[in-house]
Protein chains: 2
Amino acid sequence: MARELLEALDQAGVRLTGPRRELAALIARRQGHFTAADLLADAERRRLGIGRATIFRLLELLADQNLVERVDLPDGRHAYVPCEPSHHHHLVCVSCGAISEVDDCGIDAVTAEAARRSGFEIQSHRLELFGRCPNCKSAESHQ
Amino acid sequence: MARELLEALDQAGVRLTGPRRELAALIARRQGHFTAADLLADAERRRLGIGRATIFRLLELLADQNLVERVDLPDGRHAYVPCEPSHHHHLVCVSCGAISEVDDCGIDAVTAEAARRSGFEIQSHRLELFGRCPNCKSAESHQ
DNA sequence: TCACAGTTGAGACTAAGTCTCAATACCTTG
DNA sequence: CAAGGTATTGAGACTTAGTCTCAACTGTGA
Ligand SMILES: [Zn+2]
Ligand SMILES: [Zn+2]
Ligand SMILES: [Zn+2]
Ligand SMILES: [Zn+2]
């Protein structure tokens, strides 16, 4: 998975530097969503000596390439989710942070209808679904 | 509109203080979305002497009562939109900031389908649509 | 191997948001 | 229309998120 990120960055014509390789590995081993602060903490824990700016810069690069998507958590924090470059949405587990992807099962019809009613020309949209994943659901009922 | 906010706050059992009345008026006269910083600037411009904390506290209160909704702008800023307490979504004009409301024309079917496929129990969702409002669209084509 | 443009980390800086605390102002009760 | 208890307030310190600059460094293509 780290490899895919790096290949895509290479395609995009940026340099494959040491810090970028290390960060790609850190992102690859994360489960679910993570914040810039999480990555920073990972890097510090491993004494990689990667600066804060470098992390924000890479996240921006990855987001530009749609290799990572920005998710706004219900508590207002900004998080990221590594994901396929195709358009889709995320289900976020509020208790363990697990992520599941949803392809557009009907959302396009919703936006088209909204555009028709409002007269807006819709350029982009963001749909985030929050809830509990199957694991957390059953964990709670077994307790 | 300021009156409605104040009445709802009264219902909620909080005190109707001077700063809250003034802020309600400021919010009422805003068009479209606004950030905490916008409100703060409004208050300073009028020399109301309202502290930063008071503004964040009121926004949180209003959000709890669903009198105002948090919107995450595409550029990552957090904004607020005054709105009806019923569930609905917003169309945000990226060029002038105008807001239009959309009631759930089909989104519930989308979330239900996503829940079925993923096994998640969906607790909440957030849908934001970004684009250009009719005014801005025609302004551009007439230029 | 070389040169140069892209990238880096440090750290200053700005902006966003939270917290504490003593002073104040609602509002209920008498 | 007091008076008193409590919710609320502003100031400002503090924390966290994110940006910017710049000199030093390092991929990369020639
Ligand atoms: Zn979509
Ligand atoms: Zn979970
Ligand atoms: Zn609304
Ligand atoms: Zn507009």
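Fair warning: this is a prediction, and the values are worked out from it, not measured in the lab. Naming convention: chains lettered A, B, ... in sequence-line order (proteins, then strands); numbering from 1 in each chain.
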Residue Arg52(B), side-chain atoms from C-beta onward, closest of dG18(D), dT20(C), dG17(C): dG17(C)
Under 3.5 Å donor-acceptor, Arg126(A) side chain and Asp72(B) backbone: yes
Whichever of Ala53(B) and Val14(B) has its nearest DNA chain D nucleotide further upstream toward 5': Val14(B)
Side chain Arg132(B), main chain Val94(B), donor-acceptor under 3.5 Å: no
Candidate nucleotides dT7(C), dT9(D), dG18(D), ranked by approach to the side chain of Thr54(B) - the nearest: dT9(D)
5' precedence on DNA chain C between Ala37(B) and Gly51(A) (nearest-nucleotide basis): Gly51(A)
Backbone N/O of Ile50(A) and side chain of Thr54(A): donor-acceptor pair under 3.5 Å: no
From dA17(D), dA16(C), dG9(C), nucleotide with atom closest to Ile50(A) side chain: dG9(C)
Separation of dG18(D) P from Asp72(B) CG (nearest whole Å): 12 Å
Interatomic distance, Leu6(B) CG vs dT8(D) P [rounded to whole Å]: 14 Å
Leu127(B) and its side chain to side chain contact (heavy atoms under 4.5 Å, CB included) partner, picked from Ile107(B), Val102(B), Thr111(B), Leu91(B): Ile107(B)
Sugar-phosphate, base or nothing in reach of Gly76(A), heavy atoms under 4.0 Å: nothing
Whole-Å gap separating C1' (dT8(D)) and CG (Leu58(B)): 12 Å
Nearest-angstrom distance from the residue atom CG of Leu61(B) to C1' of dT9(D): 13 Å
Within 6.0 Å of CD in Glu60(A), more than 12 heavy atoms from elsewhere: no
For atom CG of Leu48(A) and atom P of dA10(C), their distance in whole Å: 12 Å
For Ser118(B) against Pro134(A), the heavy-atom pair lying closest together: O-CG, 3.6 Å
Value in whole Å for how far the P atom of dA10(C) lies from CD1 of Ile55(A): 11 Å
DNA chain D-proximal residues of residues 15-34 of chain B, any heavy atom under 4.0 Å: Arg15(B), Thr17(B), Pro19(B), Arg20(B)
Working for side-chain contact (heavy atoms from CB on, under 4.5 Å), residues Tyr80(A) and Thr35(A): CA-CA 6 Å; Tyr80(A) 295 84; Thr35(A) 63; 5.9 Å; no
Minimum-distance nucleotide to Phe56(B) side chain [options: dA11(D), dG18(D), dG17(C)]: dG17(C)
Spacing of Arg57(B) atom CZ relative to dC21(C) atom P, expressed in whole Å: 14 Å
Euclidean distance, atom CZ of residue Arg77(A) to atom C1' of dT18(C) [Å, nearest integer]: 15 Å
